[in-house]
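Encoded as structure tokens, the structure appears first; notes follow it.
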Amino acid sequence: MTDGTSAAELAGSRRSHGGHGDGRERAARGDRAVRQFTIRHAGVTIPVSRGGRGRPLVLCPGLNSTQADLRELTGLLRHDHDVLTFDLRGHGHTSAADRYSFEAFLGDLVAVMAELDRLDLPSTPVLVGYSLGADLAVHYASEHPGTVAELVLVDGANPVPEPFVTEADAADFLAMWEELAAQQGSGRDAARRVLLTAQEIFDLNVEVDVVRSGILDRYRTIDRPISMIMSTSMAGDGGEGPAPRLNQNWRAGVERLVREQPHVATFWLEADHRLAFTHAPEIAQIIRGTRGVAGRAGFLPGA
């Protein structure tokens, strides 16, 4: 595989990133007042973190990303939001599960959102999802009308016209995810550990392709403001291998959505699919400014 496809959709690479040091210091300071609690759902124990002040916001990580990985973004958002974030099953401190299907992950988000009633929030929350978390957010909002104030979707929930995993690339993707699974398994820091096998990651990507083939129907049922923050080069900027095709397909999916749903505000970052880790300050800035935004498009160069 090329360097481009190593950052492919839902792979969730979490390498060390340079830059934005000041943002990371602010994020660390924001974590000092964090409260922790757990939710038990379908045999899985889900750790939830809450901190900050202001407008309620729920941040849902994606496949192969944990709340620890999103610490910089979470810390920045806590300056003006009451942020709740958590780990999906088999990720971070959440316990392992006997299945890792899309519906099972959606059940984790539903359980967290149901807990909000007990917290007596002053208003309905903004729901932010990264990668797979964005898809979960769209499905949640379509099935639970009135429970979110707006959606912010970070490089996910894209109605791409072509599937991500094709038969021609399947072997290469599986090999890539075998390497990733070995890196992020039981030997790494528990807060960033992912317990899924390469085959489970592969199978979930194939399932997400099917889910996204019908996601436009989900968008049609949502009457809340929706903003998308998307990467210009989700599969990397390499000129060889499947990266150019995947990047073109990614943009075509967003264009398809906006043609049908012109109220969706779109923002593009010069980044690959790791943007939630590499461009946290830019993403936080966009989220702060999305309230009431509709049908707007923006482009922010990479930092």
Provide the full list of salt bridge (charged side-chain N to carboxylate O under 4.0 Å, His left out) pairs with a residue in residues 124-133, sequence neighbours left out, each pair given once.
->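 Listed once each, the pairs would be none.
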
Heavy-atom side-chain proximity of [X] to [Y] below 4.5 angstrom:
| X | Y | result |
| --- | --- | --- |
| Leu257 | Met228 | yes |
| Arg218 | Glu143 | yes |
| Thr66 | Gln184 | no |
| Phe105 | Leu132 | yes |
| Trp268 | Arg251 | yes |
| Arg288 | Asp80 | yes |
| Met113 | Pro125 | yes |
| Ser142 | Ile222 | yes |

Which atom of [X] lies closest to which atom of [Y], heavy atoms considered:
| X | Y | answer |
| --- | --- | --- |
| Gly92 | Asp87 | CA-OD2, 3.7 Å |
| Gly253 | Pro159 | O-CG, 3.4 Å |
| Leu106 | Tyr140 | CD1-N, 4.0 Å |
| Ser231 | Trp250 | O-CD1, 3.6 Å |
| Leu153 | Ala137 | CD2-CB, 4.1 Å |
| Leu196 | Gly90 | CD1-O, 4.1 Å |

Enter the distance from [X]:[atom1] to [Y]:[atom2] here, rounded to the nearest 0.5 Å.
| X | Y | atom1 | atom2 | value |
| --- | --- | --- | --- | --- |
| Glu167 | Asp169 | CD | CG | 10.5 Å |
| His81 | Thr74 | NE2 | OG1 | 12.0 Å |
| Asn249 | Asn158 | CG | CG | 7.5 Å |
| Leu269 | Thr278 | CG | OG1 | 8.0 Å |
| Ile283 | Leu275 | CD1 | CG | 4.0 Å |
| Thr266 | Met230 | OG1 | CE | 9.0 Å |

I'd like to know if the side chain of [X] and the backbone of [Y] have a donor-acceptor N/O pair within less than 3.5 Å.
| X | Y | value |
| --- | --- | --- |
| Asn247 | Gly236 | yes |
| Glu72 | Ala280 | no |
| Asp135 | Arg212 | no |
| His91 | Asn64 | yes |
| Tyr219 | Ala157 | yes |
| Arg89 | Asp108 | no |

Leu127 and Thr147: CA distance, side-chain angles, deciding distance, side chain to side chain contact (heavy atoms under 4.5 Å, CB included) verdict = CA-CA 10 Å; Leu127 180 53; Thr147 60; over 6 Å; no

Answer yes or no: is there an ion pair linking Glu150 with Arg55, defined by an N-O contact shorter than 4.0 Å?
->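 Here Glu150 pairs with Arg55 in a salt bridge, since their nearest N and O are under 4.0 Å apart.
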
Just wondering, are more than 12 heavy atoms of other shown residues or ligands nearer than 6.0 Å to CD in Gln248?
->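 Check fails, neighbour count at 12 or below.
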
Hey, is CZ on Arg53 packed in by over 12 heavy atoms from elsewhere, all under 6.0 Å?
->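 12 or below, so no.
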
Please test Asp172 against Met176 for side chain to side chain contact (heavy atoms under 4.5 Å, CB included), starting from the C-alpha separation and ending with a verdict.
-> CA-CA 6 Å; Asp172 286 337; Met176 178 183 72; over 6 Å; no

Any idea how Phe164 and Trp177 line up, ring-wise: parallel (<30°), tilted (30 to 60°), or perpendicular (>60°)?
->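 Ring orientation, 0 to 90° scale: tilted.
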
By salt bridge (Lys or Arg N to Asp or Glu O under 4.0 Å) - contacts of Arg220 (at least two apart) |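 Arg220 satisfies salt bridge (Lys or Arg N to Asp or Glu O under 4.0 Å) with Asp217, Glu260 only.
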
Stepwise side chain to side chain contact (heavy atoms under 4.5 Å, CB included) check, Val112 with Leu84 | CA-CA 9 Å; Val112 171; Leu84 290 93; 5.7 Å; no

N/O donor to acceptor pairs below 3.5 angstrom from side-chain atoms of residues 36-48, sequence neighbours left out:
residue : atom : partner : partner atom : Å
Gln36   : OE1  : Ser49   : OG           : 2.8
His41   : NE2  : Gly107  : O            : 3.2

Centroid-centroid distance, Phe86 to His93, less than 6.0 Å =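 Between Phe86 and His93, the centre distance exceeds or equals 6.0 Å.
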
Test side chain to side chain contact (heavy atoms under 4.5 Å, CB included) applied to Leu63 and Val208, step by step | CA-CA 11 Å; Leu63 180 62; Val208 169; over 6 Å; no

